[in-house]
Q: 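Can you read through this structure? Questions will come right after.
FYI, the numbering just counts along the sequence from 1. As a basis for the values below, the full set of heavy atoms in this structure was taken, side chains included, without hydrogen atoms, waters or symmetry mates.
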Amino acid sequence: ACLGNPGREYERTRHNAGFMCAEYLSEKHNVTVDRGRFKSLCGDFYFGEKRALLIKPQTYMNLSGEAVREAIDFYKLDPSKQLLVVYDDIYLDVGKLRIRAKGSDGGHNGIKSISYQLSTDEFSRIRIGVGKPPVGWDMPSWVLGKIPENDQEKFFEALGRAAEAVEVIVKGDLQGAMNRYSK
């Protein structure tokens with residue numbers, strides 16, 4: 001699941017890092033993520049022999065868990081083994097990635113919603129650093145703001161690395177992805 005907010009006004013904002021990672025994957029693998037299902041836009045990917053369903057919840061960030069739960073329930077998946085969530089993180093500097101097998105929501109409302117809906121925080125995640133807001137900025141304005149030009153190179157490079165990490169994890173090497181991409 002790649003998290004973000006639907007709508008043109010949210011395109012290329014910090015909070016849509018997950019959606020932008022999905023775009024990297026869809027371009028690289030020539031797969032469209034446009035099938036409406038599970039309150040999401042979906043696309044089927046194949047990484048070698050492994051099939052993956054990529055979803056972009058259309059519920060807005062704070063209700064992402066509803067979409068993720070519908071997909072998990074439909075396919076009868078075990079979140080601790082078969083769910084990977086890609087999202088933005090203000091506690092990481094721009095361009096940094098952090099990959100974990102489980103963890104707290106860290107104040108992220110999308111992850112909070114997923115943990116609540118699934119009754120667990122044991123699912124893999126890739127956090128993409130967008131940096132902390134400067135003094136005087138409120139959090140909604142920061143995460144819903146566009147990536148400034150001076151941070152774009154680091155940010156978009158991180159999106160590419162996050163997309164690579166998704167492939168490594170789906171193929172079954174979470175530890176390898178953690179070692180290689182978490183910096």
Q: Applying a strict under-4.5 Å side-chain criterion to I, L, V, M, F, W and Y, I'd like to know whether Tyr87 and Leu54 cluster together.
A: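 No, Tyr87 does not connect to Leu54 through the hydrophobic network.
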Q: I need the Lys171 NZ to Lys50 NZ distance, nearest 0.5 Å.
A: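 So the gap between those two atoms works out to 11.0 Å.
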Q: Please determine whether the number of non-hydrogen atoms from other residues, nucleotides or ligands lying under 6.0 Å from atom NZ of Lys81 exceeds 12.
A: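 No, because the 6.0 Å sphere around NZ of Lys81 holds 12 heavy atoms or fewer from other groups.
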Q: Check the orientation of Tyr10 and Tyr60. Use parallel for under 30°, tilted for 30 to 60°, and perpendicular for over 60°.
A: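 If you compare the ring of Tyr10 with that of Tyr60, the planes turn out perpendicular.
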Q: Can you tell me how far the CD1 atom of Ile72 sits from the CG atom of Leu118, to the nearest 0.5 Å?
A: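 Reported to 0.5 Å precision, the distance equals 6.0 Å.
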Q: Which one of Arg14, His108, Arg127 satisfies the side-chain hydrogen bond (donor to acceptor under 3.5 Å, both in side chains) criterion with Asp88?
A: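 Only match with Asp88 under side-chain hydrogen bond (donor to acceptor under 3.5 Å, both in side chains): His108.
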Q: For residues Val68 and Leu84: do they belong to one hydrophobic cluster (side chain heavy atoms under 4.5 Å, members Ile, Leu, Val, Met, Phe, Trp, Tyr)?
A: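 Different clusters.
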Q: Closest heavy-atom contact between Val143 and Ile90?
A: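 So the two residues come closest at CG1-CG2, 3.8 Å.
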Q: Kindly give the heavy-atom pair with the smallest separation between Ala162 and Leu97, and that separation in Å.
A: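 Residues Ala162 and Leu97, closest heavy atoms: N-CD1, 3.6 Å.
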Q: Quick check against the 3.5 Å criterion: does Arg161 have a side-chain atom that pairs as donor or acceptor with the backbone of Gly95?
A: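 Flag set: sc Arg161 to bb Gly95 pair under 3.5 Å.
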Q: Cationic tip of Arg98 within the cone over Tyr91's six-membered ring, i.e. under 6.0 Å and within 45° of the normal?
A: no
Q: Rounded to the nearest 0.5 Å, how far does CG of Leu159 lie from CD of Glu164?
A: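 Answer rounded to 0.5 Å: 11.5 Å.
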Q: Please say which of Gln117, Lys39, Arg37 ends up in a side chain to side chain contact (heavy atoms under 4.5 Å, CB included) with Glu70.
A: Lys39
Q: Quick check: is Ile99 connected to Val94 through a chain of hydrophobic side chains (ILVMFWY, heavy atoms under 4.5 Å apart)?
A: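 Cluster IDs for Val94 and Ile99 match.
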Q: Tell me whether the count of non-hydrogen atoms from other residues, nucleotides or ligands lying under 6.0 Å of NZ in Lys112 goes above 12.
A: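 Check passes, neighbour count above 12.
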Q: Around atom CD of Glu49, are there more than 12 heavy atoms of other residues, nucleotides or ligands at under 6.0 Å?
A: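 At most 12 heavy atoms, drawn from other residues, nucleotides or ligands, come within 6.0 Å of this atom.
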Q: For Thr120 and Glu122, indicate whether the former's side chain and the latter's backbone hold a donor-acceptor pair under 3.5 Å.
A: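 Answer holds: yes.
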Q: What do you reckon, is CZ of Phe156 surrounded by more than 12 foreign heavy atoms closer than 6.0 Å?
A: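 For Phe156, atom CZ is crowded (more than 12 foreign heavy atoms under 6.0 Å).
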Q: Within a reach of under 6.0 Å around CD of Gln152, are more than 12 heavy atoms found that belong to other residues, nucleotides or ligands?
A: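 Counting neighbours around CD of Gln152, more than 12 heavy atoms of other residues, nucleotides or ligands fall under 6.0 Å, so yes.
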Q: Give the C-alpha distance, both sets of side-chain angles, the deciding distance and a yes or no for salt bridge (Lys or Arg N to Asp or Glu O under 4.0 Å) between Asp93 and Lys154.
A: CA-CA 10 Å; Asp93 291 338; Lys154 287 187 287 190; over 6 Å; no
Q: Of all heavy-atom pairs between Ala22 and Lys56, which one has the smallest distance, and what is that distance?
A: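 Minimum heavy-atom separation between Ala22 and Lys56: CB-CD, 3.8 Å.
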Q: May I have the step-by-step check of salt bridge (Lys or Arg N to Asp or Glu O under 4.0 Å) for Glu23 and Arg12, ending in yes or no?
A: CA-CA 11 Å; Glu23 291 167 15; Arg12 304 282 182 212; 3.7 Å; yes
Q: Specify whether Phe74 and Phe38 have parallel, tilted or perpendicular ring planes, treating 30° as the upper limit for parallel and 60° as the lower limit for perpendicular.
A: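 Judged by the thresholds at 30° and 60°, the geometry between Phe74 and Phe38 is tilted.
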Q: Calculate, to the nearest 0.5 Å, the distance between atoms CG and CD1 belonging to Leu92 and Ile128 respectively.
A: 10.0 Å
Q: Look at the side-chain heavy atoms of Ile, Leu, Val, Met, Phe, Trp and Tyr, link any pair under 4.5 Å apart, and say whether Phe155 and Ile126 land in one connected group.
A: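 Yes; Ile126 is reachable from Phe155 via cluster members.
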Q: Between Asp105 (side chain only) and Ile111 (backbone N and O only), is there a donor and an acceptor less than 3.5 Å apart?
A: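 Checked: no pair found.
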Q: Check for me, please, whether Phe19 and Leu3 land in the same ILVMFWY cluster - side-chain distances under 4.5 Å, paths through other members count.
A: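 No, Phe19 does not connect to Leu3 through the hydrophobic network.
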Q: Please report the closest heavy-atom contact between Leu25 and Ala163, naming both atoms and the distance.
A: CD2-O, 3.6 Å
